[in-house]
Amino acid sequence: MTIARTPAPAKVLRTEYQKSVASYWNKEKDPVNLRLGDVDGLYHHHYGVGEVDWSVLEGPENTRDERIIAEMHRLETAQADVLLDHLGDVKPDDRLLDAGCGRGGTSIMANARFGCHVDGISISEKQVEFANHQAEIRGVADRVRYHFRNMLDTGFETGSRKAIWNNESTMYVDLHELFAEHARQLEFGGRYVTITGCYNDVTGGRSKAVAQIDQHYTCNIHPRSEYFKAMTANDLVPISVVDLTPDTIPYWELRAKSSVATGIEGPFLDAYREGSFHYLLIAADRV
């Protein structure tokens, strides 16, 4: 199946906020992203899930940090696998969209698993350049491509996507605008998956810890209920909701002991443990 590629919208960055987010990620060279990706060349921009192998804290002191880094990377790759598990029946001729792709790790994993075409988009030109270079190194640039585009107006064809995902990127946009654009691009019966942090609006507004996370990442974490309101308003019907909060806490406990800790580990752990913040996977079908 060959689909003609439409040109990108003329203006990618449309608000001062979008410009500030793009500037943040263009300048970002955080070891917590880069050193982990150096383990095997899969560069992620999300957190990890699963049981920690705490034996990495034992053994020779001079290789302790290397072991911790490798274990953290194993957990973040496991998180991407959990997301891919929920994409449904993807075939080699299908086209997928990685919305807010970061440095591209999940897109490459999707191609390796399904053999499909994947387009990743980011408003960070530096991330797009980095990710395309990684696709070239791996010899998959003919099927995995990254673009400097806005996830709220991608310019891609209506009904052209079998599946779309956001992996920890929804907190940078309005959910109603985002899901309207995703629904436009998805074929009927196509699958949308997000893994995201959201605040617990049953307990009230943003807690102090959630506000600290917002400030650290220049983002705007949404309340949990807003995801379901925005999905149902845009022809996306949730079919699976998985609370990954207990599964991500061990990652944060290990990260707090690592050399790449950024200082945000405490607020994340406080927010998860007090119940003001949840780490959810939501899968929805386009109807």
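Everything quoted here is computed from the prediction, not taken from an experiment.
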Side chains of [X] and [Y] only: does a donor on one sit below 3.5 Å from an acceptor on the other?
| X | Y | value |
| --- | --- | --- |
| R149 | S122 | no |
| T154 | Q185 | yes |
| N166 | H182 | yes |

(request) Evaluate whether atom CD of E66 has more than 12 neighbouring non-hydrogen atoms of other residues, nucleotides or ligands under 6.0 angstrom away. (result)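 Atom CD in E66 is not packed in, count stays at 12 or less.
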(request) Tell me, yes or no, whether the heavy-atom count around H133 atom NE2, taken from other residues, nucleotides or ligands under 6.0 Å, exceeds 12. (result)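 No, because the 6.0 Å sphere around NE2 of H133 holds 12 heavy atoms or fewer from other groups.
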With sequence neighbours left out, write down each residue that passes salt bridge (Lys or Arg N to Asp or Glu O under 4.0 Å) with [X], or none if nothing qualifies.
| X | answer |
| --- | --- |
| D247 | none |
| R74 | E71 |
| D85 | R113 |
| D214 | R206 |

Go through the structure and list residues passing side-chain hydrogen bond (donor to acceptor under 3.5 Å, both in side chains) with [X], not counting sequence neighbours.
| X | value |
| --- | --- |
| K19 | E16 |
| T248 | none |
| Y199 | none |

(request) With sequence neighbours excluded, tell me which residues meet ring pair (Phe, Tyr, Trp, His ring centres under 6.0 Å) with F179. (result)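 Applying ring pair (Phe, Tyr, Trp, His ring centres under 6.0 Å) to F179 gives Y192.
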(request) Please name all residues satisfying ring pair (Phe, Tyr, Trp, His ring centres under 6.0 Å) with F277, sequence neighbours left out, ordered by chain then number. (result)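 Listed in chain order: F268, Y272.
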(request) Quick one: do R14 and D153 satisfy salt bridge (charged side-chain N to carboxylate O under 4.0 Å, His left out)? Show the steps, please. (result) CA-CA 10 Å; R14 301 185 176 189; D153 182 15; 2.6 Å; yes
(request) Each residue besides I239 in its hydrophobic cluster should be listed here, by chain and number; the cluster joins Ile, Leu, Val, Met, Phe, Trp and Tyr at side-chain heavy-atom distances under 4.5 Å. (result)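 Its cluster mates, by chain and number: none.
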Which atom names give the shortest non-hydrogen contact between [X] and [Y], and what distance separates them?
| X | Y | answer |
| --- | --- | --- |
| L269 | E253 | CD2-CG, 4.0 Å |
| P223 | C198 | C-CB, 4.3 Å |
| T196 | M171 | OG1-CE, 3.6 Å |
| P60 | R67 | O-NH1, 3.1 Å |
| T218 | V21 | O-CG2, 3.9 Å |
| V241 | I282 | CG2-CG2, 4.4 Å |

Are [X] and [Y] side-chain neighbours, meaning at least one heavy-atom pair lies under 4.5 Å?
| X | Y | result |
| --- | --- | --- |
| Q18 | L152 | yes |
| F114 | L87 | yes |
| I123 | W25 | no |
| C219 | I221 | yes |
| R95 | K162 | no |
| I213 | I264 | yes |
| D119 | Y146 | no |
| T77 | M109 | yes |

(message) Listing request: all ring pair (Phe, Tyr, Trp, His ring centres under 6.0 Å) pairs with a residue in residues 61-113, at least two apart in sequence or in separate chains.
(response)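 For residues 61-113, and leaving out neighbouring residues, the ring pair (Phe, Tyr, Trp, His ring centres under 6.0 Å) pairs sorted by first residue read H44-H73.
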(message) Grouping I, L, V, M, F, W and Y whenever their side-chain heavy atoms are under 4.5 Å apart, do V56 and W54 come out in a common cluster?
(response)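 Cluster IDs for V56 and W54 match.
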(request) Over 60° means perpendicular and under 30° means parallel, so classify the ring planes of Y47 and Y251, tilted if in between. (result)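 Rings of Y251 and Y47: tilted, as their planes differ by 30° to 60°.
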(message) One pair to check against side chain to side chain contact (heavy atoms under 4.5 Å, CB included): R191 and D285. What are the steps and the verdict?
(response) CA-CA 5 Å; R191 177 68 51 81; D285 282 346; 2.4 Å; yes
(request) Take N220 and Y17, measure what side-chain hydrogen bond (donor to acceptor under 3.5 Å, both in side chains) needs, and give me the verdict at the end. (result) CA-CA 11 Å; N220 182 30; Y17 174 66; over 6 Å; no
(message) Evaluate M231 against L175 for side chain to side chain contact (heavy atoms under 4.5 Å, CB included), listing each step before the verdict.
(response) CA-CA 8 Å; M231 284 183 183; L175 293 180; over 6 Å; no
Donor-acceptor contact present, side-chain [X] to main-chain [Y], <3.5 Å:
| X | Y | answer |
| --- | --- | --- |
| N26 | A22 | yes |
| D243 | L280 | no |
| N167 | T106 | no |
| N33 | H45 | no |
| R273 | I249 | no |
| H147 | G120 | no |
| N111 | C116 | yes |

(message) Between the side chains of K91 and D89, is the shortest nitrogen-to-carboxylate-oxygen separation below 4.0 Å, so that they form an ion pair?
(response)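 K91 and D89: salt-bridged.
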(request) Please determine if D98 and R161 form a salt bridge, counting it only when a charged side-chain N lies under 4.0 Å from a carboxylate O. (result)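 R161 and D98: not salt-bridged.
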(request) Identify whether NZ of Lys or CZ of Arg in R286 sits under 6.0 Å from the centre of the six-membered ring of F188 and within 45° of that ring's axis. (result)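 Not satisfied by the 6.0 Å and 45° rule.
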(request) Please assess N200 against S276 for the test side-chain hydrogen bond (donor to acceptor under 3.5 Å, both in side chains), listing each intermediate value before the final yes or no. (result) CA-CA 5 Å; N200 182 1; S276 67; over 6 Å; no
(request) Evaluate side-chain hydrogen bond (donor to acceptor under 3.5 Å, both in side chains) for Y227 paired with T170, printing each intermediate quantity in order. (result) CA-CA 9 Å; Y227 281 87; T170 54; 2.6 Å; yes
(request) Only pairs at least two apart or in different chains count here, so list each salt bridge (charged side-chain N to carboxylate O under 4.0 Å, His left out) that has a residue in residues 165-182. (result)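 Residue pairs with at least one partner in residues 165-182: E181-R184.
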(message) Between R103 and E28, does the salt bridge (charged side-chain N to carboxylate O under 4.0 Å, His left out) criterion hold? Intermediate values first, please.
(response) CA-CA 11 Å; R103 289 186 171 93; E28 184 271 336; 2.9 Å; yes
(request) Show the numbers, then the answer: is there a side chain to side chain contact (heavy atoms under 4.5 Å, CB included) between H117 and D94? (result) CA-CA 6 Å; H117 301 265; D94 289 330; over 6 Å; no
(message) Show, in sequence, the C-alpha distance, side-chain angles and deciding distance for M72 and S258, and conclude whether the side chain to side chain contact (heavy atoms under 4.5 Å, CB included) test is met.
(response) CA-CA 9 Å; M72 288 174 60; S258 75; 3.8 Å; yes
